Amino acid sequence: MSSPPAAEPQSTKGPRTTTKTAPAKARTPRRTHSESARRQHAPSHRLETPQLDALHLELDRWFAANARELPWREPSCSPWGVLVSEIMLQQTPVVRVLPVWLDWMERWPEPADLAREASGEAVRHWGRLGYPRRALRLHAAALAIVEEHGGTVPGTYEGLLGLPGVGDYTAAAVAAFAFGERETVVDTNIRRVHARLVSGTALPAPSLTAAEMRLAEALMPEDPALSVRWNASVMELGALVCTARSPRCMDCPVRAECAWLAAGEPPPSYVPKGQAWHGTDRQLRGAVMAVLRVAEAPVARELFERTPADLGFAAEGTAVPLAALHRLNSAPEQLERALDGLVRDGLAELHDGDYRLPA
DNA sequence: CATCCGTGGGA
DNA sequence: TTCCCAAGGAT
């Protein structure tokens, strides 16, 4: 139904103006177990088998026919656009990211455009995507890109990993999808597909293991362009077919090779524990941020506490989110903790008893 | 390494 | 209605 998206490098990363190196304050590069595993070019078990070749072909064909058309997959999309999409997509479904991503790209087409703004503007236009710290980190990343990379998104795993909000997954994903690098991309979708297809289990381990990284590396095609395509294909299969709940195995292009199906779909060996929500600080923080995002002016602390006679003072627009906040009926000390936490995290500023987004 | 950090649509 | 959980990262 959709035209095959070409999984080609979206930027001919030409001269990336590497003249400005040696930043005054170099970020300490993070070292994760998966990165060390990535570094060891452990040729350990390269599975150059006919079966693997067939798998690559089957998934590639499926991807060509079934992949969603997403703007950040267009060859014309800049590395900046890919980076923004990847951070927005962290723990957030595609359908909710789409409108916000389009708004951001129009508003801030380049890192320097966002870097010129106050961080609070990034938070405001993050809307209701959730985890607003990501907006803060994206703004900080834009600043770092301008100050340390001449305004262009770094094109290597290491360079990307040094950016705020960019971890192992995002660094590999941007290097692969925006620059065509052969990187071992492992997200929750890919982990689940590997668990079922290869390991024969319903779910991957609770946390990412070194064995999974080795497996992911072993499954990737050698050719960089094909590896990029493979990474995108496995991720898309996990998102559309090999889903967490009620996988559509009938529509799976590789069901004949699936170890989990062959084993009779054994149930997961553990139950993922859900996150508490009602009555938590997170819920309260979310309600406070909903108020600050729509507020035109700083919001007095009393309005959060509901002491004034029921919102007579609420500035227009803030009445609804304030009412939602009051409905939570949280203890004063919890509200205090939430507000302090937001200020500590840089999501809000406090001036003379008034709260606002960071200016 | 376990925990924290938002949100809303679908099962 | 309730519960699950989606292209994770930082501490």
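All values reported here derive from a predicted model rather than from experimental measurement. These numbers come from the heavy atoms of this one structure, side chains and all, not from hydrogens, waters or symmetry mates.
- Across the protein-nucleic acid pair, A:Leu160 atom CG and C:dG9 atom C1' stand 15 Å apart, rounded to whole Å.
- Exactly one residue among A:Trp101, A:Trp104, A:Trp108 makes a ring-ring contact (aromatic ring centres under 6.0 Å, His included) with A:His125. That residue is A:Trp108.
- Closest to the side chain of A:Gln91, out of B:dC5, B:dT7, C:dA6, is C:dA6.
- Atom CG of A:Asp345 is separated from atom C1' of B:dC4 by 10 Å (rounded to the nearest Å).
- Map A:Arg245 and A:Gln90 each onto its nearest nucleotide of DNA chain C; the residue landing nearer the 5' end is A:Arg245.
- Atom CZ in A:Arg282 sits about 10 Å away from atom P in B:dT7, given to the nearest Å.
- Closest to the side chain of A:Pro93, out of C:dA6, B:dG6, C:dA7, is C:dA6.
- Of the listed nucleotides (B:dT7, C:dC5, C:dA7), C:dA7 has the atom at the smallest distance from the side chain of A:Val94.
- Regarding A:Gln275, its CD atom lies at a distance of 11 Å from the P atom of C:dC5, rounded to whole Å.
- Nucleic acid contact for A:Ile190: none, since no nucleic acid atom lies under 4.0 Å from a heavy atom of the residue.
- Residue A:Arg134 contributes atom CZ, which lies 13 Å from atom P of C:dA10 at whole-angstrom precision.
- Atoms CH2 (A:Trp230) and P (C:dA7) sit 17 Å apart, rounded to a whole Å.
- Between the CG atom of A:Asn189 and the C1' atom of C:dA6 there is a distance of 8 Å, rounded to whole Å.
- Residue contacts shown for A:Thr280 are absent, as no nucleic acid heavy atom lies under 4.0 Å away.
- Look at A:Arg285 and you'll find a side-chain N or O under 4.0 angstrom from OP1 or OP2 of B:dG6.
- Only the P atoms considered, C:dA7 is 15 Å distant from B:dA11, to the nearest whole Å.
- Between B:dG6 and A:Thr92, no contact under 4.0 Å exists linking OP1 or OP2 to a side-chain N or O.
- When atom types are taken as modelled, the side chain of A:His56 and the backbone of A:Met220 share no donor-acceptor pair closer than 3.5 angstrom.
- In this structure, the side chain of A:Arg134 engages the main chain of A:Met88 through a donor-acceptor pair within 3.5 Å.
- Using a 4.5 Å cut-off on side-chain heavy atoms (C-beta onward), A:Glu212 and A:His194 make no contact.
- For the pair A:Arg293 and B:dT7, the criterion of a side-chain N or O lying under 4.0 Å from OP1 or OP2 is met.
- Distance CG (A:Leu208) to C1' (B:dA2): 15 Å, rounded to an integer number of Å.
- Heavy atoms of A:Leu70 sit under 4.0 angstrom from at least one base atom.
- Out of B:dC5, C:dA6, B:dT7, the shortest distance to the side chain of A:Arg192 is found at C:dA6.
- Comparing atom distances between the A:Leu89 side chain and each of C:dA7, B:dG6, C:dA6 picks out C:dA7 as nearest.
- Here the CG atom belonging to A:Leu138 is positioned 9.0 Å from the CD atom belonging to A:Gln90, to the nearest 0.5 angstrom.
- Among the heavy atoms of the strands, none lies under 4.0 Å from A:Ala173.
- Closest to the side chain of A:Met235, out of C:dG8, B:dT7, C:dA7, is C:dA7.
- Nearest-nucleotide mapping onto DNA chain B: of A:Ser246 and A:Gln283, the residue sitting toward the 5' end is A:Gln283.
- Each of A:Leu347 and A:Ser207 was matched to the nucleotide of DNA chain B holding its nearest heavy atom; the match closer to the 5' end belongs to A:Ser207.
- Using modelled atom types, no side-chain atom of A:Glu117 and backbone atom of A:His139 make a donor-acceptor pair closer than 3.5 Å.
- Closest to the A:Lys273 side chain, of the nucleotides B:dT3, B:dT7, C:dA7, is B:dT3.
- In the set C:dA6, B:dC5, C:dC5, the nucleotide with an atom closest to the side chain of A:Arg96 is C:dA6.
- In this structure, A:Gly286 reaches the sugar-phosphate backbone alone: every heavy-atom distance under 4.0 Å involves primed, P, OP1 or OP2 atoms, never a base.
- Judged by distance alone, with hydrogens and angles left aside, the side-chain atoms of A:Arg192 form a donor-acceptor pair with the main-chain N or O of A:Gly238 at under 3.5 Å.
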